[in-house]
Trainee: 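Have a look at this one before I ask anything.
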Amino acid sequence: MQQEALQEITAADTLEALQAVKTKYVGKKGLITQQLGGLGQLPPEERKARGAEINVVRQAIQAALDEKEGTLKRAALDAKLRSEAVDVTLPGLGLPSGGLHPITRVYDDLIGIYRQMGYAVVEGPEVEEEHYNFEALNVPWYHPARDLQDTFWLEDGRLLRTHTSPMQIRYMVDHEPPLKIVVRGKVYRYEATDATHESMFHQLEGLVVGEGISMADLKGTIAEMARGLYGPSAKVRFQPSYYPFVEPGADFAVYWDNPRGESKWLELGGCGMVHPNVFKAVDDLREQAGKDRIYEGMTGFAFGLGPERIAMLKYGIPDIRYFYANDPKVMGQFRGELG
Ligand code: PHE
């Protein structure tokens, strides 16, 4: 039995095979264990000699098992280390660089233009109070924009802002005129998505308040932005439109000599002169906070636009959903170029 066992141990070339041999001979129901169990049937005078004999065999097998186990484990470790070894003669691996998201780039362009015109850049909360998103902006309860369909409501009565305009209110409550700000940030609308609609998108909001601000200032500002984005050939067009928080209100579009020969009017956003009810709502909030009423009688203009539209055209991105799908085949094209 000892000879057979030693042969099987020599032949075992994996730890699993060795374990099987171990079980066969010295396991709980192994051959050696069975032999020891049989001692009881021998006459007492034979037991001692027979027991000693079996033990010698058991020790020989156990020693061979231990030695082979050590050999196999060392071999396994060697193989692992070899496979993980570093070939120091190989050239280094370049780290792939990241890049700025197309929306970030468009924001950078826009904000650069407005900084040059002396605007402060601010941000505000995406979870907003109903009062700031609607009431204070002269959006009455019966206005269609208040429809449950368009707004993501939170259980506590707050909402995800549907535009960046509530920051007009927040900023005026905290600051005194004259002021010039642009607000950047995400907005949310509860609507079906398609190539030009997403439930989350971005806006750039502008607000200028002071004495004697006119529609001419608004038009000049939008024209300056258009030239900053598209060069001296850029033209702007204003069409009457309705937003409850401005009067008069307009939509504006930009036209320029597009090098790809795709010149057409690009509808960019809405704008208008700040509605007196907005100034009144700001003064009401200021009064509640123990501040002076200083906005009634002021003049100002506001505008809001979507960087997605600019980015889609600038980078030839056909579907707004690509911006947020994080597909490396799309976003990978913006790698490395920082701006
Ligand atoms: N808040 C408007 C919107 O989201 C855009 C806008 C801003 C219009 C400022 C006029 C003045 O559609």
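For ligands, and for the atoms within them, numbers begin at 1 and follow the listed sequence.
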Trainee: Does the side chain of Y324 pick up a donor-acceptor pair with the side chain of E308 at under 3.5 Å?
Mentor: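 A pair is found: one side chain offers a donor N or O, the other an acceptor, under 3.5 Å apart.
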Trainee: Ignoring hydrogens, just give me the one of G206, A302, G269 whose non-hydrogen atom is nearest atom 11 (C) of ligand 1.
Mentor: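 Among G206, A302, G269, the closest heavy atom to atom 11 (C) of ligand 1 belongs to A302.
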Trainee: Tell me: protein heavy atom nearest atom 12 (O) of ligand 1, and distance?
Mentor: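 Of the protein heavy atoms, Y243 CE2, 3.7 Å lies nearest.
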Trainee: So, Y230 versus Y255, ring centres under 6.0 angstrom or not?
Mentor: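 No, they do not, as the ring centres are separated by 6.0 Å or more.
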Trainee: With H163 as reference, evaluate F303, F201, F245 under the ring-ring contact (aromatic ring centres under 6.0 Å, His included) test and give the passing residue.
Mentor: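 Going through F303, F201, F245 one by one, the ring-ring contact (aromatic ring centres under 6.0 Å, His included) with H163 is satisfied by F245 alone.
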Trainee: Using distance alone, decide if ligand 1 has a nitrogen or oxygen within less than 3.5 Å of any nitrogen or oxygen in H163.
Mentor: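 Yes: some nitrogen or oxygen of H163 is under 3.5 Å from one in ligand 1.
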Trainee: On the six-membered ring of W153, is R158 placed so that its NZ or CZ lies under 6.0 angstrom from the centre and within 45° of the ring axis?
Mentor: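 The answer is no; the distance or angle limit is not met.
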Trainee: Does R189 reach ligand 1, in the sense of a heavy atom lying below 4.0 Å from it?
Mentor: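 A heavy atom of R189 does come that close to ligand 1.
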Trainee: Which heavy-atom pair separates I61 from A5 by the least distance, and what is that distance?
Mentor: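 What the structure gives for the nearest pair is CD1-CB, 3.7 Å.
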Trainee: How are the rings of Y295 and F279 set relative to one another: parallel (under 30°), tilted (30 to 60°) or perpendicular (over 60°)?
Mentor: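 Y295 vs F279 ring planes: parallel.
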Trainee: Do me a favour and list the nearest non-hydrogen protein atom to atom 2 (C) of ligand 1 with residue, atom name and distance?
Mentor: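 I find the closest protein heavy atom is F245 CZ, 3.7 Å.
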Trainee: Checking a contact table here: which protein heavy atom is nearest atom 7 (C) of ligand 1, and how many Å away?
Mentor: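 Going by distance alone, atom 7 (C) of ligand 1 is nearest to G304 N, 3.4 Å.
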Trainee: Could you tell me whether some N/O pair between Q203 and ligand 1 is separated by less than 3.5 angstrom?
Mentor: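 N/O-N/O distance under 3.5 Å: yes.
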Trainee: Can you sort out which atoms of ligand 1 are near C271, meaning under 4.0 Å from one of its heavy atoms?
Mentor: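 Reading through ligand 1 atom by atom, the close ones are 8 (C), 10 (C), 11 (C).
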Trainee: Pair K24, E8 - check salt bridge (Lys or Arg N to Asp or Glu O under 4.0 Å), show working.
Mentor: CA-CA 10 Å; K24 178 176 171 191; E8 284 171 43; 3.0 Å; yes
Trainee: Residue-level breakdown please: for H275 versus ligand 1, do any non-hydrogen atoms fall below 4.0 Å on the side chain, on the backbone, on both, or on neither?
Mentor: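 Neither part.
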Trainee: Using heavy atoms and a threshold below 4.0 Å, how should the contact between F303 and ligand 1 be classified: side chain, backbone, both, or neither?
Mentor: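 Backbone only.
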Trainee: So, is S165 polar-close to ligand 1, with some N/O to N/O distance under 3.5 Å?
Mentor: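 It does: an N or O of S165 is found under 3.5 Å from an N or O of ligand 1.
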Trainee: Parallel, tilted or perpendicular: which fits the ring planes of Y188 and F152, with parallel below 30° and perpendicular above 60°?
Mentor: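 Answer is perpendicular, since the angle exceeds 60°.
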